[in-house]
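Before any comments, here is the structure.
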2 protein chains.
Amino acid sequence: MEKRRRDGGGAVLRERDPEARRERLLEAAGGVFAETGYAGGSVREIARVARVNVASVNYYFGSKEGLYREVLLRAHRQVMEAEAEPEGGGDAREALRGWVGYCLRFVLLRRATHPVLGRLMAHEMRQPTVALSELVSLVIRPKFEQLAAVVAAVAGGGMGREASELAAHQIVGMCVHFDHSREVVERLGYRVPSGEAEIAALAESVAEMALGGLAGMVRSGKGLEKRISK
Amino acid sequence: MEKRRRDGGGAVLRERDPEARRERLLEAAGGVFAETGYAGGSVREIARVARVNVASVNYYFGSKEGLYREVLLRAHRQVMEAEAEPEGGGDAREALRGWVGYCLRFVLLRRATHPVLGRLMAHEMRQPTVALSELVSLVIRPKFEQLAAVVAAVAGGGMGREASELAAHQIVGMCVHFDHSREVVERLGYRVPSGEAEIAALAESVAEMALGGLAGMVRSGKGLEKRISK
DNA sequence: GGCATTATGAAACGCCTGTTTATAAACACT
DNA sequence: AGTGTTTATAAACAGGCGTTTCATAATGCC
């Protein structure tokens with residue numbers, strides 16, 4: 001077994017600033033992963049964008065997956081810091097409008113305070129990684145339960161827990177559809193909005209259907225948990 | 001330039017049946033692509049499943065993309081043959097219920113007459129390939145316009161074309177969400193149905209919200225195209 | 001029977017991926 | 001100045017991908 005002769009790099013002057021490099025890597029990875037998802041983004045491209053050697057990724061984060069986890073955590077932390085809660089108000093119906101608007105803005109607004117997390121979550125829904133469960137319990141579930149509570153409030157006792165949650169899923173479906181299936185929706189002739197005002201208009205339409213739908217459900221007693229019928 | 005010496009295989013007996021091989025390849029490719037999408041499925045795995053040499057893929061279909069296109073076409077043809085139109089009935093509201101049920105069955109029923117096309121379409125929505133546009137104009141748009149017409153009928157002239165189509169998108173969103181974001185939805189505690197009966201129940205809930213929502217929209221005049229207000 | 005045509009299979013090609021290794025420069029401390 | 005640790009780099013590694021090459025079986029045809 002002969003030992004192969006290797007020589008690492010010539011006399012290149014090296015900038016030495018671990019913090020900055022780590023940061024650059026996280027920044028670059030955020031952008032790349034947000035664009036193409038976990039599987040789609042390659043460490044080599046990330047390293048290129050961050051102007052850093054490929055090996056640095058493993059040096060700082062252990063593996064591609066480790067880097068991804070940190071990116072996700074960072075994005076989540078940033079969003080949680082600058083959080084604009086869906087404005088409630090005392091009225092339940094108004095709260096529902098607020099939630100829908102918040103959700104649509106989160107999903108459709110690209111230049112918002114969370115340019116990465118929204119995209120990462122979209123990719124996670126499409127092709128989940130090991131991080132999805134964490135993401136669900138950390139950011140998705142709280143928001144969802146919030147919505148379910150609002151739904152129950154709108155129904156005013158007319159709907160049980162299961163029914164409220166099902167309705168909440170349907171409402172979420174209406175919101176995320178415009179981002180999730182954007183390619184199809186746009187090919188069908190609807191220009192998915194990206195500006196605040198247009199998004200607000202879309203939100204009103206979605207909230208309108210949700211509110212009307214809930215009213216109908218309560219009226220017909222479909223959502224009533226302990227209904228006597230058969 | 002020396003010519004390298006190669007020898008192709010010993011004296012293995014070869015089954016020779018081009019038709020059957022082509023068919024086996026299409027079958028296998030259907031399964032693999034349906035499971036993991038175009039990018040996710042590898043020609044090597046397809047060849048393995050079809051018990052066929054890798055080179056056969058290119059021999060018969062020119063390329064991976066060629067194979068994919070034929071799979072898509074085949075799946076579409078099969079569905080179009082054994083088509084169960086969403087039962088209409090004279091009533092517009094009943095027609096809407098029928099459409100929602102049809103869509104949910106298409107998306108959620110795994111052992112239906114179209115075990116492949118539904119999955120392929122889901123993948124196309126997530127990460128479109130060159131085939132998406134064709135798919136939209138061939139199968140998605142007709143169904144969508146059908147729904148939009150039903151919506152307009154339910155509204156009974158109370159909604160313009162744009163508004164009906166927007167509402168139709170929202171309804172589609174409610175349906176596909178349960179398949180599209182299945183991983184998230186299930187982690188939130190909702191067991192996405194896979195049997196006929198449960199799907200029908202879900203369909204009723206979705207249709208209920210759609211109908212109630214449309215009623216609300218018409219009542220509030222939100223959807224009215226040439227509304228005078230301001 | 002001989003011969004061109006069509007199918008088939010094993011291996012190679014070229015390019016990509018994430019990760020590891022060996023080398024070396026920069027720094028901290030004695 | 002010398003030593004040891006941390007950080008940076010180029011190259012190698014191992015394996016996957018879609019595709020191509022080339023020898024060879026099996027077939028159809030004269």
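These values consider heavy atoms only, across backbone and side chains, with no hydrogens, waters or symmetry-generated copies.
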Under 4.0 Å, heavy atoms only, any strand: does [X] hit a base, just the sugar-phosphate, or nothing?
| X | value |
| --- | --- |
| Gly41(B) | sugar-phosphate |
| Tyr60(B) | sugar-phosphate |
| Val54(B) | base |

Atom pair distance, as rounded to whole Å: [atom1] in [X] and [atom2] in [N]:
| X | N | atom1 | atom2 | result |
| --- | --- | --- | --- | --- |
| Lys64(A) | dC16(C) | NZ | C1' | 12 Å |
| Leu67(B) | dT19(D) | CG | C1' | 14 Å |
| Phe61(B) | dA7(C) | CZ | P | 13 Å |
| Tyr59(A) | dA22(C) | OH | C1' | 15 Å |
| Asn58(A) | dT6(D) | CG | P | 18 Å |
| Glu65(A) | dT17(C) | CD | P | 18 Å |
| Glu45(B) | dT19(D) | CD | C1' | 18 Å |
| Arg51(A) | dT9(D) | CZ | P | 11 Å |

Under 4.5 Å between any side-chain heavy atoms of Leu188(A) and His169(B), yes or no?
yes
Give a yes/no on whether any side-chain N or O of [X] is located under 4.0 angstrom from OP1 or OP2 of [N].
| X | N | value |
| --- | --- | --- |
| Ser56(A) | dA8(D) | no |
| Arg21(A) | dT7(D) | no |
| Asn53(B) | dT8(C) | no |

Students often mix this up, so state it plainly: with edges at 30° and 60°, are the rings of Phe33(B) and Tyr68(B) parallel, tilted or perpendicular?
perpendicular
Can you confirm whether more than 12 heavy atoms, excluding those of Glu35(A), are under 6.0 Å from its CD atom?
no
Counting only distance, no hydrogens or angles, is the base of dT8(C) paired donor-acceptor with the side chain of Arg16(B) under 3.5 Å?
no
Could one point to a donor on the side chain of Arg44(B) or the base of dG16(D) with an acceptor on the other under 3.5 Å away?
no
Is any NZ, NE, NH1 or NH2 atom of the basic residue among Arg74(A) and Glu27(A) found under 4.0 Å from an Asp or Glu carboxylate oxygen of the other?
yes
Checking contacts here: which listed nucleotide (dT9(D), dT20(D), dA7(C)) is nearest the side-chain heavy atoms of Ala55(B)?
dT20(D)
Specify the closest pair of heavy atoms between Ala203(A) and Val100(A), including all atoms of both residues, with the distance to one decimal.
O-CG1, 3.6 Å
